[in-house]
Protein chains: 2
Amino acid sequence: MTSSGEQTERATRWLSTEQQRHWRAFRNGVALLMDTLGRELEDESGFSLHEYEVLVRLSEAPDRRMRMSELASGIGHSRSRLTHTIARMEAAGLVQRRTCSSDLRGVDCALTDTGFQRLVEAAPGHVESVRAHLVDVLSDEQLAALGEAMAVVEHRLRETPER
Amino acid sequence: MTSSGEQTERATRWLSTEQQRHWRAFRNGVALLMDTLGRELEDESGFSLHEYEVLVRLSEAPDRRMRMSELASGIGHSRSRLTHTIARMEAAGLVQRRTCSSDLRGVDCALTDTGFQRLVEAAPGHVESVRAHLVDVLSDEQLAALGEAMAVVEHRLRETPER
DNA sequence: ACTGATTCGTTGAACTTTCTACTACACTCG
DNA sequence: CGAGTGTAGTAGAAAGTTCAACGAATCAGT
């Protein structure tokens, strides 16, 4: 809109047949896998994958408590979304909100004993699912390749300032 | 509940440290990647990844039309969800519903010229995103490993009768 | 043909997630 | 100090998804 009028037409660098095949396999496989893991977790323990993730993070935090925003950015949810999720989980007695001592704006979210207990009960079944559909289906090398590739992807995405 | 009372207590086969590391990297990486691709697509073309997927499938179908249920199972959405999605897309003029000639229960979903046009406009940007955050970030071998591993996962999930 | 079971797609309500606006506190710089 | 700017969390409305129930068409068995 400034000087050049039309932005330079650059030919799209389409994916090669192979690349497209792999990308689609990845996309479809991930969707189906996550869907399945989510449904199985839901059936067996009543948690969604998101709630489970919250429980896991809290259980591993010092004192089993964490600030809302840490929790949110850690699992990549919006602050708003986490507020709603935690509200539901608090109503269910899984977590408890406390005012944060060091920063009066902040709120700490603490795992209750009930919440921890329910996580302990849910974990074995979930691990079984992950094994059955991912870990035990692949060779050690394949799993490692998967993990390492996605670590690179994540690292790049986090280091990039923005786009 | 029948004979044995307690079901046999079997020790949970937890993941090894390495396995857990890879599984988490996979989970986090996938979440962040898909999130980013979705947001970029949304910003550039106004489509969600789901809508985009619908457009792609239709554009590749013979006659650019497909039965609702084929479409739904192809992309792994519930029939209900697809109904709602297609309703919105139809209101936006991207697709059109027609009665299916061979089966009066069925409904065919056809891509409109507008829909095809909008897909053509959206595609280059999306491919750029996929390259920037996945394809060009990995070696050919890594991408191939990713695709092949997930193809195995998907295949296993589809062949299993149910769980 | 007739009956019952099944599949197709839709509907509306309940629920979850996203988006936007808002309050309160913290930090910083004159 | 105190005005301006940024950050933490929340709240409610809008958008999207899931769930259960339904009407219509097909299929299988008699």
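We name chains A, B, ... by the order of the sequence lines, and we start the count at 1 in each one.
- Salt bridge annotation for A:Arg39-A:Asp43: absent, with no cationic side-chain nitrogen under 4.0 angstrom from a carboxylate oxygen.
- Not one N or O on the side chain of A:Ser45 forms a donor-acceptor pair closer than 3.5 Å with the backbone of A:Glu42.
- Between the side chain of A:Glu154 and the backbone N or O of A:Ala151 there is no donor-acceptor pair closer than 3.5 Å.
- Of the possible polar contacts, one joining the A:Glu90 side chain to the A:Arg97 backbone as a donor-acceptor pair under 3.5 Å is found.
- Against DNA chain C, the stretch residues 80-93 of chain B makes heavy-atom approaches under 4.0 Å through B:Ser80, B:Thr83, B:His84.
- As rounded to whole Å, 18 Å separates atom P of C:dT17 from atom CE of B:Met34.
- Along DNA chain D, the nucleotide closest to A:Val107 and the one closest to B:Ser78 are compared, and the more 5′ of them pairs with A:Val107.
- Mapped onto DNA chain C by nearest heavy atom, B:Ser69 and B:Glu42 fall at different nucleotides, with B:Ser69 at the one closer to the 5' end.
- The distance from atom CG of B:Asp108 to atom C1' of C:dG9 is 12 Å, rounded to the nearest whole Å.
- With the end axes of the helix from C:dA1-D:dT30 to C:dG30-D:dC1 each set by five pairs, the angle from one to the other reads 30° at 10° resolution.
- Looking at B:Thr112, its side chain does come within 3.5 Å of a backbone N or O of B:Leu94 through a donor-acceptor pair.
- With rounding to whole Å, A:Arg79 atom CZ is found 22 Å from C:dT16 atom P.
- The NE2 atom of A:His77 sits 18 Å away from the C1' atom of D:dA8 (whole-angstrom rounding).
- The salt bridge (Lys or Arg N to Asp or Glu O under 4.0 Å) check on B:Arg81 picks up nothing, with sequence neighbours excluded.
- OP1 or OP2 of D:dT10 has at least one side-chain nitrogen or oxygen of A:Arg97 nearer than 4.0 Å.
- Looking at which nucleotide of DNA chain D each of A:Met68 and A:Asp35 is closest to, the 5′-most match is held by A:Met68.
- Taking atom NE2 on B:His50 and atom C1' on C:dT18, their separation rounds to 13 Å, with Å as the unit.
- Rounded to an integer number of Å, the gap from CZ of A:Phe47 to C1' of C:dT16 is 17 Å.
- At a threshold of 4.0 Å, the pair B:Arg98-B:Asp108 does not count as salt-bridged, since none of the basic side-chain nitrogens sits closer than that to a carboxylate oxygen.
- Heavy-atom distances to DNA chain C give each of A:Arg105 and B:Glu70 a nearest nucleotide, and the one nearer the 5′ end belongs to B:Glu70.
- Look at A:Asp113 and A:Arg118 and you find no salt bridge, because none of the NZ, NE, NH1 or NH2 atoms lies under 4.0 Å from a carboxylate O.
- Within the 3.5 Å criterion, the main-chain N or O of B:Arg13 finds a donor-acceptor partner in the side chain of A:Arg131.
- Atom-to-atom, CG of A:Asp103 to P of C:dA26 comes out at 6 Å; the value is rounded to the nearest Å.
- Note on A:Arg39: nothing from the nucleic acid sits closer than 4.0 angstrom, heavy atoms only.
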